[in-house]
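In what follows, chains carry the letters A, B, and so on, assigned in the order in which the sequence lines appear, proteins first and then strands, with residues in each chain numbered from 1.
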2 protein chains.
Amino acid sequence: MQKYSRKREAIMDALREVKVHPTAEWVYARLKPDYPDLSLATVYRNLKAFVDSGEVNMVGVVEDKARYDADTYPHAHFICEHCGAVVDVYLPQDNGINAMAEDAVGGKVQRQEILFRGLCENCLERE
Amino acid sequence: MQKYSRKREAIMDALREVKVHPTAEWVYARLKPDYPDLSLATVYRNLKAFVDSGEVNMVGVVEDKARYDADTYPHAHFICEHCGAVVDVYLPQDNGINAMAEDAVGGKVQRQEILFRGLCENCLERE
DNA sequence: CCTTTTTTGATATTGATTATCGTTATCATT
DNA sequence: AATGATAACGATAATCAATATCAAAAAAGG
């Protein structure tokens, strides 16, 4: 099994090197200088492929734009309603709420998403 | 005090009478027979107004369509990845995690969203 | 090299949601 | 009942992130 295309790897690298949980546009702008013939379609295409394969998670949609995270270790997120920042929140491991949800629904939980919305430290001070 | 328009109330009633967490289109289709001159714009407009005022929550986006919930009592949701169903999950009032998130971020949590994704009972059986 | 399979760039299109704008309904007050 | 101020409306155009399309370029695998 060999490596994949250079651009696909560059997209993954771009995701991994930052903690801002970028948008597709952000990734495109970040890589365009180094890959002048990169197309936005390629960014969307590969982000979707990564999400489908589980290598990347889509954290949520903030201001109509999807935000991505290459850190697949289970963790929650905080979204600032003022500036749109998305921040990692590592909570102590599993309280068994998955099992509770499965009991309540009768189905199988595959993924759990915990999201906090509010004001981040910076935006709180500027009020 | 001012009263609400008939259509606005019908939209709220439509939301309240079902547990499916409808889309805007669903509400429109549900009311159109009784309100033949109802416009889809009115549904979107009022749903947005309800969300802005806090009377209705937008649970999430499933298959690109926003899903609404008129039950403002805090609770989690389960989304079936197969059929798109959105189901209420009432977890025990467990609110240590807001404080944990605030500690981690240094900001103020205003809202907490817990979402489970997986397969519902029906879709699980049909596999 | 050569062939097959992937991936890509460019661009058109989709589709949910929002904005616009001229009209209509509502309601308290004449 | 008529008025006027304002809220709400219908119709439809605009927006914009995301997807589909397809011929061309790059990678894989001999």
Side-chain angles (χ1 to χ4, degrees), chain A residues 1-15 20-53 55-70 79 81 84-86, chain B residues 1-15 20-53 55-70 79 81 84-86:
Chain A
M1 268 307 158
Q2 282 315 306
K3 283 299 174 188
Y4 287 91
S5 80
R6 274 180 80 196
K7 285 169 183 169
R8 177 173 300 178
E9 293 195 329
I11 290 168
M12 178 60 87
D13 290 344
L15 284 181
V20 296
H21 309 82
T23 64
E25 284 280 0
W26 186 99
V27 172
Y28 175 73
R30 165 75 184 75
L31 296 177
K32 190 65 176 173
D34 292 332
Y35 299 83
D37 60 350
L38 177 68
S39 166
L40 188 55
T42 297
V43 175
Y44 275 111
R45 201 160 24 210
N46 284 297
L47 285 175
K48 184 170 166 50
F50 286 144
V51 170
D52 288 348
S53 75
E55 295 170 271
V56 167
N57 290 323
M58 204 210 62
V59 171
V61 176
V62 182
E63 287 156 1
D64 291 333
K65 279 167 270 187
R67 304 289 288 260
Y68 297 91
D69 189 352
I79 294 179
E81 298 281 78
V86 178
Chain B
M1 228 37 209
Q2 59 193 4
K3 144 182 147 179
Y4 298 100
S5 80
R6 201 167 296 125
K7 285 169 183 169
R8 177 172 301 178
E9 291 193 331
I11 290 167
M12 178 59 90
D13 290 344
L15 284 181
V20 297
H21 309 82
T23 63
E25 284 279 1
W26 187 98
V27 173
Y28 175 72
R30 166 74 182 75
L31 297 178
K32 190 66 174 172
D34 292 330
Y35 300 84
D37 60 350
L38 177 68
S39 166
L40 187 55
T42 297
V43 175
Y44 275 110
R45 206 161 20 214
N46 284 297
L47 285 175
K48 184 169 166 51
F50 286 143
V51 170
D52 289 348
S53 75
E55 295 169 270
V56 167
N57 290 323
M58 205 210 61
V59 171
V61 175
V62 181
E63 287 156 2
D64 291 334
K65 279 166 269 186
R67 304 289 288 260
Y68 298 91
D69 189 351
I79 294 178
E81 299 281 77
V86 178

Round to the nearest Å and state the distance from [X] atom [atom1] to [N] atom [atom2].
{"X": "A:K65", "N": "C:dA16", "atom1": "NZ", "atom2": "C1'", "result": "16 Å"}
{"X": "A:E63", "N": "C:dT18", "atom1": "CD", "atom2": "C1'", "result": "15 Å"}
{"X": "B:L47", "N": "C:dA16", "atom1": "CG", "atom2": "P", "result": "15 Å"}
{"X": "A:R45", "N": "C:dT11", "atom1": "CZ", "atom2": "P", "result": "14 Å"}
{"X": "A:D37", "N": "D:dA26", "atom1": "CG", "atom2": "C1'", "result": "11 Å"}
{"X": "A:M58", "N": "D:dT19", "atom1": "CE", "atom2": "P", "result": "10 Å"}
{"X": "A:N46", "N": "C:dT8", "atom1": "CG", "atom2": "C1'", "result": "9 Å"}
{"X": "B:I11", "N": "D:dC9", "atom1": "CD1", "atom2": "P", "result": "7 Å"}

Comparing B:A41 and B:D64 on DNA chain C - which has the more 5′ nearest nucleotide:
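Nearest-nucleotide comparison on DNA chain C picks B:D64.
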Can you confirm whether A:E25 sits close enough to A:L40 that some side-chain heavy atom of one is under 4.5 Å from a side-chain heavy atom of the other?
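Yes, side chains in contact.
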Report yes if the side chains of B:V27 and B:Y68 come closer than 4.5 Å at any heavy-atom pair, otherwise no.
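They are not in contact (no side-chain heavy atoms under 4.5 Å apart), so the answer is no.
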Under 4.0 Å, counting only non-hydrogen atoms across every strand here, what does A:R8 touch: a base, just sugar-phosphate, or nothing?
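It contacts sugar-phosphate atoms only.
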Look at all strands and tell whether B:L38 reaches a base, only sugar-phosphate, or nothing, counting heavy atoms closer than 4.0 Å.
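Since only primed, P, OP1 and OP2 atoms lie under 4.0 Å of B:L38, the category is sugar-phosphate.
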Map B:V43 and A:A24 onto DNA chain D by nearest heavy atom, then report which one ends up closer to the 5' terminus.
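That would be B:V43.
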Please tell me whether B:S53 and B:E55 have a donor and an acceptor in their side chains that are separated by less than 3.5 angstrom.
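B:S53 vs B:E55: donor-acceptor pair found between side chains.
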Spacing of CG belonging to B:N46 relative to CG belonging to B:L15, to within rounding of 0.5 Å:
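B:N46 CG to B:L15 CG: 10.0 Å, rounded to 0.5 Å.
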Side-chain N or O of [X] closer than 4.0 Å to phosphate OP1/OP2 of [N]:
{"X": "A:K7", "N": "C:dG9", "result": "yes"}
{"X": "A:S5", "N": "C:dT8", "result": "yes"}
{"X": "B:Y44", "N": "C:dT18", "result": "no"}

Checking B:R67 side chain against B:A85 main chain: does a donor-acceptor pair fall under 3.5 Å?
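A pair under 3.5 Å: no.
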